[in-house]
2 protein chains.
Amino acid sequence: MEYQEAKEKFISTWGSLGTLWGINKAMAQIQALLFISTKPLSMEDIMEELMISRGNTSMNLRQLMDWGIVTKELIPGERKEFFTTEKDVQELARVIAKERSRREIQPVVKVLKEVSSIKDDGTEKTKELIKQTKALHDLTETADAMLNKIVNQQQNWITKSLIKLIK
Amino acid sequence: MEYQEAKEKFISTWGSLGTLWGINKAMAQIQALLFISTKPLSMEDIMEELMISRGNTSMNLRQLMDWGIVTKELIPGERKEFFTTEKDVQELARVIAKERSRREIQPVVKVLKEVSSIKDDGTEKTKELIKQTKALHDLTETADAMLNKIVNQQQNWITKSLIKLIK
DNA sequence: ATAAACTTTCAATAATTATTGAAAGTTTAA
DNA sequence: TTAAACTTTCAATAATTATTGAAAGTTTAT
């Protein structure tokens, strides 16, 4: 497999995996492209490489910046804006896990808590609703906490500094 | 909040969370409905409760059975088929994690492995592609393994048997 | 064997989501 | 201050995905 083929395969696979971490195809592909690029890319570069429109590129770059995984890079002497993505996979995973938790898991946990807290009127169906949503609440909270713990585990400041030193 | 409102809230929230575990809304809602039901439900029951068509119900029940989280229940004397879902959240989580891993994560791991194994031609861009996809490969594999471990951790046969005994 | 009771399939349609492209907006250089 | 270079916005459109409903298929009772 040659470079170009490998590159395309990576970008398209990563793009279709987007759903797994809750983002759309274009967004995931832009991130993938930046992830393997050796230098910051302009909007022009991205449009050309992925064959998508200016508007699409602009909107998705904005979203990636909202997520905190892509940043604008100002290159001296250049009028255009350039973009880079977080290159450290550990840090990338940390940011993604945190954002998903905040955007999707937390709201669900909140509803599960509300629903599982309704007044027990003694009927079987109410008891079942309370019991099952409580179990789901506990599971979801535990899973979320564990995920965050895992993803943060080797990311305390001293490890981080050491990693940076030896890179 | 009354039973009916709580029930609807739970079903619709769980439905919209479907994307998080990679299934569609109707599928998630059917599972949610069964999850809090005190008895097996027929297709008729589900259609009526969720206000969806027969075809839709049939197709999504089939998918839930493919996932292994819903089973047909044959009720003596009844002509219709009845359905139940796995009621133990731990087991539910275990099945879902396993299925997602098999359906989505493994194929991506495979591509990452292929891409990160291309011949290093010495150019900077090839080196970067190899380095970054290798890092992603390692991270994905580790995360997947950890997820499965967590989800399985309290599910060895002896614990399982004990849980069943005391339920 | 027949028909009633039920389930599945799938082409048509609806709903949702992503993408475009051009106009409007912004920044910078001269 | 003007205009060129660039980015953003958003209504229109395209692409994708979900849903319907009726015909075809299956099972069971008589």
Side-chain angles (χ1 to χ4, degrees), chain A residues 11-34 40-67 70-84 100 103-104, chain B residues 11-34 40-67 70-84 100 103-104:
Chain A
I11 290 172
S12 97
T13 304
W14 204 241
S16 65
L17 189 69
T19 53
L20 197 76
W21 42 294
I23 66 174
N24 72 36
K25 206 183 70 180
M27 209 173 141
Q29 290 190 343
I30 292 172
Q31 200 276 327
L33 178 62
L34 292 173
L41 300 181
S42 68
M43 239 170 67
E44 216 67 53
D45 295 335
I46 296 167
M47 287 164 60
E48 195 177 303
E49 192 78 52
L50 303 178
M51 297 191 293
I52 58 178
S53 72
R54 189 174 296 282
N56 200 3
T57 308
S58 171
M59 286 168 116
N60 285 109
L61 274 171
R62 150 90 86 120
Q63 281 207 76
L64 285 164
M65 288 187 283
D66 288 348
W67 273 70
V70 162
T71 46
K72 263 185 197 159
E73 195 98 343
L74 290 177
I75 295 190
E78 283 278 12
R79 186 80 171 266
K80 289 184 235 177
E81 294 174 329
F82 287 77
F83 302 88
T84 46
R100 288 217 85 183
R103 291 168 195 239
E104 300 188 71
Chain B
I11 291 172
S12 98
T13 305
W14 204 242
S16 66
L17 189 71
T19 52
L20 197 78
W21 43 294
I23 66 174
N24 73 36
K25 206 182 69 180
M27 208 174 140
Q29 290 190 345
I30 292 172
Q31 198 277 326
L33 178 63
L34 292 173
L41 300 180
S42 68
M43 239 171 68
E44 216 66 52
D45 295 333
I46 296 167
M47 286 166 62
E48 195 177 304
E49 191 79 53
L50 302 179
M51 297 193 293
I52 59 177
S53 71
R54 188 174 297 282
N56 200 2
T57 308
S58 171
M59 285 169 116
N60 284 107
L61 274 171
R62 151 88 89 119
Q63 280 207 76
L64 284 163
M65 288 186 283
D66 288 348
W67 273 70
V70 162
T71 46
K72 262 185 200 162
E73 195 98 343
L74 290 178
I75 295 189
E78 284 278 12
R79 188 76 171 269
K80 288 184 235 179
E81 295 175 327
F82 286 77
F83 301 88
T84 45
R100 287 218 85 183
R103 290 168 196 240
E104 299 187 73

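Order of the sequence lines sets the chain letters (A, B, ...), proteins ahead of strands, with each chain counted from 1.
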Please walk me through it: do B:Ser53 and B:Asn56 pass side chain to side chain donor-acceptor pair (under 3.5 Å)? CA-CA 5 Å; B:Ser53 71; B:Asn56 200 2; 4.8 Å; no
A:Gln29 and A:Trp14 side chains, donor-acceptor separation under 3.5 Å: no
Under a 3.5 Å limit for both distances, which nucleotide forms a Watson-Crick or G-U wobble pair with C:dA24, could you say? D:dT7
Separation of atom [atom1] in [X] from atom [atom2] in [N], rounded to whole Å:
X       : N      : atom1 : atom2 : result
B:Lys80 : D:dT28 : NZ    : P     : 16 Å
A:Ile46 : D:dT8  : CD1   : P     : 11 Å
B:Gln29 : D:dT19 : CD    : C1'   : 13 Å
B:Gln63 : C:dT9  : CD    : P     : 12 Å
A:Met47 : D:dA5  : CE    : C1'   : 14 Å
B:Glu78 : D:dT27 : CD    : C1'   : 15 Å
B:Arg62 : D:dT26 : CZ    : P     : 13 Å
B:Ile52 : C:dT13 : CD1   : P     : 21 Å

Could you check A:Glu81 against A:Met59 and say which one's nearest nucleotide on DNA chain D is further toward the 5' end? A:Glu81
In terms of side-chain heavy atoms of [X], which of [options] is nearest?
X       : options               : value
B:Arg79 : C:dT7, C:dA4, D:dT19  : C:dA4
B:Met43 : C:dT8, D:dT19, C:dT19 : C:dT8
A:Asn24 : C:dT9, D:dT8, C:dA18  : C:dA18

Identify the two heavy atoms, one from B:Phe83 and one from B:Lys72, that lie closest to each other, and give their separation to 0.1 Å. CE2-CG, 3.6 Å
For A:Gly15 and A:Ala28 the tightest heavy-atom approach is CA-CB, 3.7 Å
Per nearest nucleotide of DNA chain C, the residue lying toward the 5' end, A:Ile23 or B:Glu44, is B:Glu44
Specify the residue among B:Phe83 and B:Lys25 whose closest nucleotide of DNA chain C lies further upstream toward the 5′ end. B:Phe83
Determine: side-chain N/O of B:Ser53 to OP1/OP2 of D:dG21, distance under 4.0 Å, yes or no. no
Using a heavy-atom cut-off of under 4.0 Å over every strand shown, decide if A:Asn56 touches base, sugar-phosphate, or nothing. base
Base, sugar-phosphate, or nothing: which does A:Arg54 touch, judged by heavy atoms less than 4.0 Å apart? base
Taking the six-membered ring of A:Trp67 (Phe, Tyr or Trp), confirm whether the NZ or CZ of A:Arg103 is under 6.0 Å from its centre and within 45° of its axis. yes
